[in-house]
Amino acid sequence: MPGATPPRLSCDWVSKSRDVLQGNLKKQLPFEEVLDHPLKPLVVTMSETRVVKLRTVGGSTTSSTRSSTPTPTQSSTTYLMDPLGAALEGTDPLSQLANQQKLDPLSAMAAESWVEPVEGKRGKENVTTSVAMDDGLRESWSSRKAGILCKFTTSEKLSIVTSFLSGGEKVVVKAQSSMVDKVRTRLEQLDDFEDGSVRQMLDLSQQEYVGRIEQLNTELVQAWHQDQRVKALKIAIQCSKLLVDTSVIQFYPSKFVLITDILDIFGKLVYERLRTKSDYYAPGSKVPTCLPENFTADMVPESAKETCRNWFYKIASIRELVPRLYVEMAILKSYSFLTSGEFSQALLRLTKMIRGIGDPLVAVYARCYLCRVGLSINSSDRVYLRENFYDFLATYTQLFSPSIRLDLSLQKVDLSTYLTLYTPALDYILQSVAHEATEKTLAEILDRCKQKCNSALLFNTIMAAFKPAYIAARATQFVELLTSCDDEGFPKYLLFRTLGLCLTLADPPTEHCLQILNDVWKIVSKLNDPAQYISCAEVWVQYAAKHLSTREVNTFLGDIINHMSGGRAYENHYASLQTVMERVLAHANDFETLLTMDKFLPMLDIFQKESVKVEVCKSIMLHYTKTYQYQTTNDPVITNALMFICRVMHDSVNALTVEDEKRQIGNLICSFVKRVDFGRDFEQQLSFFVEARASFTNLDVIHAQLVQSVNRLAVETRCIVKGHHTRKTASFVHACAAYCYITIPSITSVLMRLELYLLSGQVALLNQCLGQADACLKAALNLISDVPKMIEVDGKHRSSEPYIVSYICNFLSTLLIVPDSPEQGVLYLTKGLLNVIQNYSWDHQSNARSTVYLQVLDMLSAASQESYPYHIDMVDSNDVLYGSDPKFIAELNRMCSVVVEEILNHLKYLGANEHYQKQSSLALELLIRIAVKADLSKPDLATLALNLWNLAQKHGCMDIKLAVRTTEYLKKKFSGSNEDVHADFISRLKIKSHGKQ
């Protein structure tokens, strides 16, 4: 085929002798000591007070101050980890996001949802305390809502009264001739609503009921945007009337959340409507301006004030107390359009009006809504908050009255469940009172609550609302109060649980820590209900771990084991038992002492369910690896305990285990393996690795880690003896090599086996274990053909040829210094590799195979030199064994000739299939090898090189710039040579003008 290949398809290769040592010295760059990491972001300082922006390494823009003389400076940092990671100093986006999402304990408690306080699983939200700003109080209610809706549910049938859903009344808009007629018409519509025209929907499920409420919300918004203000008001009134109904009392807190969300929307619509009508003219301006956020009543025009008064007049005409209260509270913020001094009076007036509500549950939630609305208007007056709580105290005895008990019996609700309905509203009210309150306020409220009978609910609310530091300072007083109080309706164990939550956030007096736990546990340990007991235990175990010694924690765990073992109670409380373990681990100052406790592993045996036990073991190992990230251990008790825990995780792996779970378990076990260190007792270390291999047989990553660890052990042995092995150390490194050779075949991944065979062969060669090195390298050669054609890289399937090329290049660099075995032929491993390359199924459309052959040429050319560029101490390579024997050099030249012929055949194939770009690239690569590594004084080689140069340019596929750089490179290589053949060869390399620009 014309132009496909050079005229000569073969040649007799003759390697050129080179001074490798001198060549390496020429290539060396000058060394320069640096004090800072080269990739660390620069901070430029200048004396001018001018702010400029700098682009950091990560691409983010930061501000800095510039000076007249820019001086790049970098903060001094001690790199405890890798330099690239340390240079970032934790400023990567994921770390920043994680730091932003970290909540302080009180905020985290406020964000948790409520879960079954009656059954002893009340969430930590009950211990929320005052936060820094009023916004925090408002946000705390937002975080509660989802928990309330999840907790307070019912299976009873519900009813709803409405005129706007499924066949309700139609709104008829009449024409009005004046403002008086307009007001009269709207009042008539309200009267018409109260006289009738509504209907009741019965037998609704909870889901249907919620759906109807959402429809009402949608109807209200649609009516508002259609300028049907009266209809929107009527919907708000109807929604408020639903809060009078307590026929399904367990659902009342959730109903309150749903309804008040609608009222909040109504209040915002009214407020924004009034604000849009309040455009005013600034002094000296003729253009109307929108009201600012912090406007005053003086800035509001009279027309907007009149509209605002009309809204309050309409609401005042509502006949029933509860709807009138709720709707007025919903638009309370609109008082700011009338006068700034009205809020305090309105809040106190509404507080007194709530006293007219007879049902204590309805009243307490009305007070909760009033407190929430009052906080939203940023009023500086907080008197109404305390008044609302004191009004609740005044009616507290009503909660236990015969009429309430009768109503509860009719609904088949016990008193304990009934009292828990008060906790969301009451906790929020008292939390508002306790915000920025002093200890004097706590003492005052505590004195009032002591005077009430059945005060357990009140004490629980106080502990949940005030700062944990206040509660901790009076911990002994609270223990006495909780011990002596009557627990009718409100279980006493919940009180001790709440107290424990407070004491985990704030430290009681040190001298009282043990006495507090003993006094509390005298009562808790007598609880017969496992649910109540473990509810307290999961809180107080954190107190013990935080404030007391390991001895007390060990005793605590023993008590938990005794209580939860009876009747297999632990089967129903795995979540709480997991919490116990998590909190013990989180506060363990000395992890090794924790593992040596005689009750720790028996506590682990309580988890009989495999999935739960595995999760607990994973938690233990996670805490261990974080606590001892850079520390090692060789204590037999610690090692055996961790081996047992890791074996539990490992044995849970089966064919159905997902890959992510396998990876997580494998990484944890590998972390354990790396932290077991017996120091200079290498034989004991190897015995541990043997035991680990027998214990962990299902995960490739563990076997790979064991092989790596044993190879490292062999290298450390060599370092100690400084390469001069004794009979004992020689036997030991042979045993390490045998361990690796035996272990690698048990790994499933072909790629992992290839890498480990090569690494183990290199380590064996380093330790003068020539037989083991040969065995590992032979195994790697036999395994290359098993590499799959497609491998997964970053979740995508890609060709494995780039990996094979890279692996063979690494393999060749090792083969250069591997001495030939006297029982085998010359370069038998290299010939074996050539056979593997020849028989491997390469993609004929790519140059991968020829790329490998080019690397083989480089290796064979280096092997023909009198001295190799690198060696291994105490190992004589072929340059020493053969001493540049002519027969050896001749065999190398013959092998090079075969390799060149294979490359030329591929060039012919590329030309036949019109792959001219690839042909040009490959021809240029081969040309450079022949010119640099072969003896150009041989006419055949010089002719072949020139033909390759012409072939590279023949179809105009070679870049002219590349051709120029190639000639310049060859000139530089030949600059030290005095042979005329090189100058003649360079002069014959002509660049054709039709080359690709």
Side-chain angles (χ1 to χ4, degrees), residues 133-135 137-139 141-142 145 182-183 186 190 216-240 243 257-280 288-318 323-350 353 366 368-381 384 432:
M133 301 174 63
D134 291 346
D135 289 341
L137 289 173
R138 292 193 292 273
E139 289 301 321
W141 176 259
S142 299
K145 291 194 298 186
K182 184 177 181 180
V183 173
R186 292 186 175 179
L190 292 177
L216 283 175
N217 190 5
T218 304
E219 286 287 337
L220 186 148
V221 176
Q222 289 179 353
W224 187 271
H225 291 306
Q226 294 171 2
D227 291 334
Q228 297 179 12
R229 316 293 183 205
V230 174
K231 181 178 179 181
L233 177 59
K234 289 165 69 175
I235 295 175
I237 295 171
Q238 286 185 358
C239 291
S240 301
L243 293 175
V257 170
L258 296 171
I259 299 300
T260 52
D261 280 349
I262 297 178
L263 294 176
D264 289 340
I265 293 174
F266 176 72
K268 291 178 181 178
L269 291 173
V270 172
Y271 182 84
E272 293 301 327
R273 170 69 176 172
L274 293 173
R275 190 174 177 189
T276 57
K277 294 175 69 68
S278 300
D279 292 345
Y280 74 106
T289 306
C290 295
L291 284 177
E293 291 292 337
N294 55 345
F295 67 91
T296 61
D298 298 336
M299 303 169 65
V300 180
E302 189 61 34
S303 59
K305 290 183 178 181
E306 185 64 26
T307 304
C308 182
R309 292 190 190 97
N310 288 338
W311 274 109
F312 284 104
Y313 291 156
K314 293 172 189 176
I315 294 170
S317 67
I318 301 174
R324 186 166 71 251
L325 274 171
Y326 271 102
V327 178
E328 182 176 356
M329 287 188 289
I331 70 167
L332 191 65
K333 190 177 181 180
S334 298
Y335 271 120
S336 58
F337 293 95
L338 300 176
T339 174
S340 57
E342 184 69 21
F343 287 123
S344 298
Q345 299 176 14
L347 290 169
L348 289 175
R349 173 173 54 81
L350 292 171
M353 289 173 64
C368 175
Y369 189 61
L370 178 62
C371 292
R372 186 157 66 86
V373 170
L375 291 173
S376 67
I377 61 178
N378 296 322
S379 174
S380 58
D381 186 8
Y384 72 98
S432 304

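Please read these numbers as outputs of a predicted model, since none were measured by experiment.
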For this session: Compare all side-chain heavy atoms of S334 with those of F337 and state whether any distance is below 4.5 angstrom.
Result: yes
Exercise. Do you know the tightest heavy-atom contact between A232 and L220?
Worked result: O-CD1, 3.7 Å
For this session: Could you list the residues that satisfy side chain to side chain contact (heavy atoms under 4.5 Å, CB included) with L348, not counting sequence neighbours?
Result: V383, Y384, E387
Exercise. With sequence neighbours excluded, what pairs up with W311 under the ring-ring contact (aromatic ring centres under 6.0 Å, His included) test?
Worked result: W224, F266
Seminar exercise, completed: Applying side chain to side chain contact (heavy atoms under 4.5 Å, CB included) to Q345 and not counting sequence neighbours gives E342
Seminar exercise, completed: Between the CG atom in L338 and the CZ atom in F343, the distance rounded to the nearest 0.5 Å is 9.0 Å
For this session: Identify the two heavy atoms, one from C239 and one from I259, that lie closest to each other, and give their separation to 0.1 Å.
Result: O-CG2, 3.3 Å
Problem set entry | Close side-chain approach of V221 to E219, heavy-atom, < 4.5 Å | no
Seminar exercise, completed: To the nearest 0.5 Å, atom OG of S432 lies from atom CZ of R372 at 10.5 Å
Exercise. When you measure from the side chain of R324 to the backbone N and O of I318, does any donor-acceptor pair fall under 3.5 Å?
Worked result: yes
Exercise. What's the spacing between L243 CG and T260 OG1 if we round to 0.5 Å?
Worked result: 7.5 Å
Exercise. Would you call L269 and R273 a side-chain contact if the rule is heavy atoms closer than 4.5 Å?
Worked result: no
Problem set entry | Inter-residue atom distance R229.CZ - N310.CG, 0.5 Å rounding | 13.0 Å
Exercise. Which pair of non-hydrogen atoms, one from L274 and one from A304, has the smallest distance, and what is that distance?
Worked result: CD2-O, 4.1 Å
Exercise. When rounded to the nearest 0.5 angstrom, what is the spacing between CD1 in I315 and CD1 in I237?
Worked result: 8.0 Å
Exercise. Given V270, which of T307, I331, L233 fulfils the side chain to side chain contact (heavy atoms under 4.5 Å, CB included) condition?
Worked result: I331
Problem set entry | Closest non-hydrogen atom pair, S240 against V327 | OG-CG2, 3.6 Å
For this session: To the nearest 0.5 Å, tell me how far L332 CG sits from S376 OG.
Result: 7.5 Å
Seminar exercise, completed: When every non-hydrogen atom of Y335 is compared with those of A346, the smallest separation belongs to CE1-CB, 3.9 Å
Problem set entry | Under the side chain to side chain contact (heavy atoms under 4.5 Å, CB included) test, residues paired with L325 that sit two or more places apart | L321, M329, L350, M353, I354, I357
For this session: Indicate the atoms forming the closest heavy-atom contact of L347 with G374, along with that distance.
Result: CD2-CA, 4.0 Å
Problem set entry | Partner residues of K333 under the side chain to side chain contact (heavy atoms under 4.5 Å, CB included) criterion, sequence neighbours left out | Y271, I377
Problem set entry | Results of salt bridge (charged side-chain N to carboxylate O under 4.0 Å, His left out) for E272 - residues two or more places apart only | none
Seminar exercise, completed: Sequence neighbours excluded, the answer for salt bridge (charged side-chain N to carboxylate O under 4.0 Å, His left out) partners of R349 is E328
Exercise. Can you name the side-chain hydrogen bond (donor to acceptor under 3.5 Å, both in side chains) partners of D261, sequence neighbours left out?
Worked result: K145
